[in-house]
Structures are given as structure tokens and as C-alpha cells.
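One structure is given here, and the rest of the page talks about it.
Counting begins at 1 with the first residue of the sequence. Both counts, for ligands and for their atoms, begin at 1 and track the order of listing. Below, each value reflects all heavy atoms present in this structure, side chains not excepted, and no hydrogens, waters or symmetry copies.
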Amino acid sequence: MSVAAGAVATTPRVLPFYRAIPRLMKDPVTELAKIATEAGGQVVQLGLGPFRPYLVTHPDHVQRVLKTDWTKFVREGMFWRPLRRVTGQSILGEGEGWESSRKILQPLFTARYTASLGEDMADIIADSISELDEHARTGRLVDGGYQMTTIVNQAVIKVLFGGRISRDIAERLAPEFATCATSIAFRLLFPFVSYSIKVPGDRAFLAAAQKIDEIVYPLIDQARAEKSTRNEVVSALIEARMAQGGEAGARQVRDDLVSIYGAASETTAMSLTWLWSVLHDHPDVHARLLEEIDEVVGEGPVRPAHVPKLVYLRRVLQELLRVYPSAWIIPRQAVADTDIGGVRIKAGSQVLVSPYATHRLADFWDRPLEFDPERWATENTERRHRYSFIPFGAGPHVCLGQHLFYVEAPLVIANLLRRYRVELTNPQRLTPVPGASVRPKEKLMLKLVPRARD
Ligand code: HEM
């Protein structure tokens, strides 16, 4: 049943504790989307004991929280606190600290600037993918999630540090971030548990955060000593923060670098991981992608100039971000008493915007559970509610890396599919597991078969 966004209802629907907990313990991501669907997009309060967040999914309500009234819904509180232990005061924060980071970083992530990084990124991606030839030759299977993470990390590290970071160091950094992203899950799911109580994942999280510092600080010191103004993010940050000097300046640079890395790599890698299951389930989509890539790229290496011509691939990516948005929730805290869609929200309440749930609302999406790239054909997109598709968030905090994603992801996919026939060897129903990004619980084991014409 559909409910108009502004319907008057002073008390929210409440999902009581005894019903919420069993549902959310088992498969929280899927259940959250079902709860939103059952409520027809109305605000639902989740009775999770001491913690009673509001689930906000109607696109009009999403617009209020993320854009129109964004200063009333801030990135503080239970969900952000665990992340702050590694991201510090940064672009992923709020207030003046966030604003100054955004001002420095925004020019580095425009479509134009991102395109200028494309050539380097294409080389890095092609190099890391060519290393898979060994697997293709021997028939040794590849763990899809691990491989996507490795390829994406190398590309992201290049954008952040340029030539300043050796491959060896990059390879040491990547697993520490992966540990942070997965070991934080308990804290995200049970944010009301005090930090004086140790929970699963805490020890691994803190050890990984410490190792990240041990790697990143020396890189900052080295870049500072060189004082050159190169293209990469670390140089831009150092130049902007130089005035602060000393420890405080280095800390600021570190916080932003670590935050961007965290925001950029896990999200992209997990999106790419889901793809292999989707292509297995939709051989027609797979075949059409191959056809387009062969036509556009031909025999040669994949270059950034090919990306705008890979029109069908872009549709597949948009649909992938609709069905499996790696940023599955976007949490906020209300700073003052307010209301959303007529539902009263008290100051200090947690508000959960959920792209995963909004993308499955039948009032805004025809056959929402079906993977159909054709819904992104220009003629089919015109009448869509702008806030019904929010994989990158919206408003002042909207993702800085969207353009980068739409260059990087096509480069990875086109490179892989041009080189290999990718077969999923263990197809099964995947369970979305929440962490910093939503990832499949099951491993996706891929067989790479060299394409005949290579
Ligand atoms: C599939 C890929 C990605 C997804 C799904 C994604 C999703 C998001 C979302 C939902 C937000 C909004 C957070 C909020 O409102 O609290 C966000 C913010 C952000 N993203 Fe992404 N992101 C992706 C890739 C990237 C990449 C490649 C980069 C960087 C190079 C990046 C950098 C950032 C940064 C810095 C922010 C914070 C912006 C701010 O608050 O001002 N993201 N991202």
C-alpha cells in the first residue's frame, strides 16, 4: 500500500522489540528493506531496546533529511562514533572540520579532474588484471571479493598518493582497511553497547587502525619534505593544511586520507563483487556487455576514452548500484525536535536513510527486485523521483567519488571481460551482510578462461 509522503501521523509505526530483533538478527539488510516495503515508505521506528532509530525511506523524506533540512540531521551519534575511531575529524565528519575538508577536496573530484586521472588509472588497472593471467592459464580459481578489492585498492592508492607510494607499502595498507571495514560490523549493528565493553572485532579494528597510522604518517612526512605540488590528493591536502603546520596539520591530512580511502575502496570493490553473481544469473546481460566491449574496445587496451562509449555498461552499473548499493544505510542524528512526514522525531534520535530499502519501494520502481539495466535507458528515466535513487547519498554530503566510480568501475569490468570469460563456479543465493559496505556473505569463486581471440 502506498502512503503519501506528507500523510499526517503524529506517532510513527513502531516495530516492537520482540518482532524487530529476530528479524534483524538473521538478515538485517534484507529485513530492513522488507520493513520499509511493508510500511509503504512511511517512517518506521525500530524497537531495538534502548536504541529506537527511525527508518526513513520515502524519497520525499530522504530529500528532507539529506538536502532540505540537512543541518538538522547530522553525522553524529551511535553509528558514526565507531567510524570516527579511524576517520578522525575529516571529510566524513560534520561542521567546520568537514566544511574545510570539502572545500579542499571538491576541486579534486570534479568530472574534469577525474578524467585527467583516467590514463594513470587505466594503466594501473590493466597491470593488476594482467597478473591474473597465471590463474587463467592454470585454471586456479579466483576469490571475486578479494580480487576486486585488490584491483580497486591499487587504483585508489594511485589517486591518493600518486607515485609516492611503493607497491609493497600499498599492499600492506590495503588489508588493514579491509580489517577495519569488516571488524566494525558488530559496533554498527549494536551501537548502544558501551565502549568500555569489548565486543567482537574491537581488538582487530584497533590494531588495524594503529597499523594504518604507522604506514600513512611517514608518507605524509615524506610528501611534506618534498614540498612539490603534484596532482595527487596527498599533495593538495598538504598544501592546504601547511599553514597549520606541526602535529595538527599532519593529523588533519591523515584523517582525510584515511577517510577517503575508506569511502572509496570498500564501496567500489563490493559493488564490483556483486556483479559476477548478477552476470551469472543474467546471461543475456552478460552477452550484451561482451558485445559492447568488443565493439568499443576491440583488440586494443581499454583506455578512458572508451568509457563514455560503453553506454550499456553504464546502465548495468546504475542497476547494480540500485539493487546492491554498497552504502546500504546513511545514518543521521536529529539535532532538535522535528518531524518527518508528520512523524514527531525527538532531538538526539537516530534516523536511518537506507538506499537499499528506498531502491526497493514498489511505488517508485517497477518490478523492484528484478535486475533490469533497461530501466536506465534515457527514455525510461525521465519521470523518476530524484531521491528514489541515492546510492551516492544526496545534498551537501553527496559522495565526492561518483565521477571516479564511473571511470574506475568500467575500466575494471571492460579490462576483465575483454581478457577473460569470467565464470562463477559456485552460484548460490547470496546473503547481504552489513559492515561499512554491504557485501555478500558467501565467497564468489571465479574461473577465468582466456578469451579465444586473445
Ligand atoms: C560504489 C561506490 C561508492 C558508493 C556507493 C559511495 C557512497 C557514498 C555515500 C552514500 C556517501 C554519503 C555519505 C553521507 O551522506 O553521510 C558518500 C560520501 C563520500 N564518498 Fe562515496 N561512494 C562510492 C565511491 C566513492 C569513491 C570512489 C570516493 C573517492 C574517491 C568516495 C568518496 C566519498 C567521500 C569523500 C564522501 C564524503 C563526502 C562529504 O561528506 O562531504 N566515494 N559516498
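Ranking protein heavy atoms by distance to atom 12 (C) of ligand 1, first place goes to H397 O, 3.6 Å. Among protein heavy atoms, the minimum distance from atom 37 (C) of ligand 1 is reached at L92 CD2, 3.7 Å. Counting only heavy atoms of the protein, atom 13 (C) of ligand 1 lies nearest to R75 NH1, 3.9 Å. Nearest protein heavy-atom neighbour of atom 30 (C) of ligand 1: F109 CE2, 3.3 Å.
The number of protein N/O/S atoms found under 2.8 Å from atom 21 (Fe) of ligand 1 is 1.
Among all heavy-atom pairs drawn from R64 and D339, the shortest one is NH1-O, 2.6 Å.
Under 4.0 angstrom from ligand 1, the non-hydrogen atoms of R102 all belong to its side chain. Residue contacts with ligand 1, taken as heavy atom pairs separated by less than 4.0 Å, involve R332 solely via side-chain atoms from C-beta onward.
Salt bridge absent: R288 and D284 never bring a charged side-chain N and a carboxylate O closer than 4.0 Å. Using a 4.0 Å cut-off between charged nitrogen and carboxylate oxygen, R254 and D213 count as a salt-bridge pair. Under the 4.0 Å criterion applied to side-chain N and carboxylate O atoms, D123 and K158 are not assigned as salt-bridge partners.
A donor-acceptor pair under 3.5 Å is absent between the side-chain atoms of T57 and the main chain of T358, judged by distance alone.
Note: W70 and W98 meet the aromatic proximity criterion, with ring centroids under 6.0 Å apart.
Atoms of ligand 1 lying under 4.0 Å from any heavy atom of P391, numbered from 1 in the order shown and given with element: 5 (C), 7 (C), 10 (C). Within ligand 1, counting atoms from 1 as listed, the ones closer than 4.0 Å to a heavy atom of W98 are 39 (C), 40 (O), 41 (O). Close approach of ligand 1 to S271 is summarised as follows: ligand atoms under 4.0 Å from at least one heavy atom of the residue are 1 (C). In the vicinity of S326, heavy-atom distances shorter than 4.0 Å reach the ligand 1 atoms 1 (C), 5 (C). Near L404, meaning under 4.0 Å from any of its heavy atoms, are these atoms of ligand 1: 27 (C), 30 (C). Counting atoms of ligand 1 from 1 in the listed order, those under 4.0 Å from a heavy atom of W80 are 16 (O). The atoms of ligand 1 that sit less than 4.0 Å from any heavy atom of I330 are 10 (C), 14 (C), 15 (O), 16 (O).
Each of T87, N153, D256 was scored for a side-chain hydrogen bond (donor to acceptor under 3.5 Å, both in side chains) with Y261, with one residue passing: N153. For the salt bridge (Lys or Arg N to Asp or Glu O under 4.0 Å) with E76, the qualifying choice from R81, R84, R332 is R84, the only one to do so.
Using cut-offs of 30° and 60° for the angle between ring planes, the W376 and F389 rings count as tilted.
Other residues, nucleotides and ligands contribute over 12 non-hydrogen atoms within 6.0 Å of the CZ atom of F392.
By the salt bridge (charged side-chain N to carboxylate O under 4.0 Å, His left out) test, E408 is found to be paired with no residue, residues two or more places apart in sequence or in another chain being considered.
Considering only heavy atoms from C-beta on, R303 comes within 4.5 Å of E119 through its side chain.
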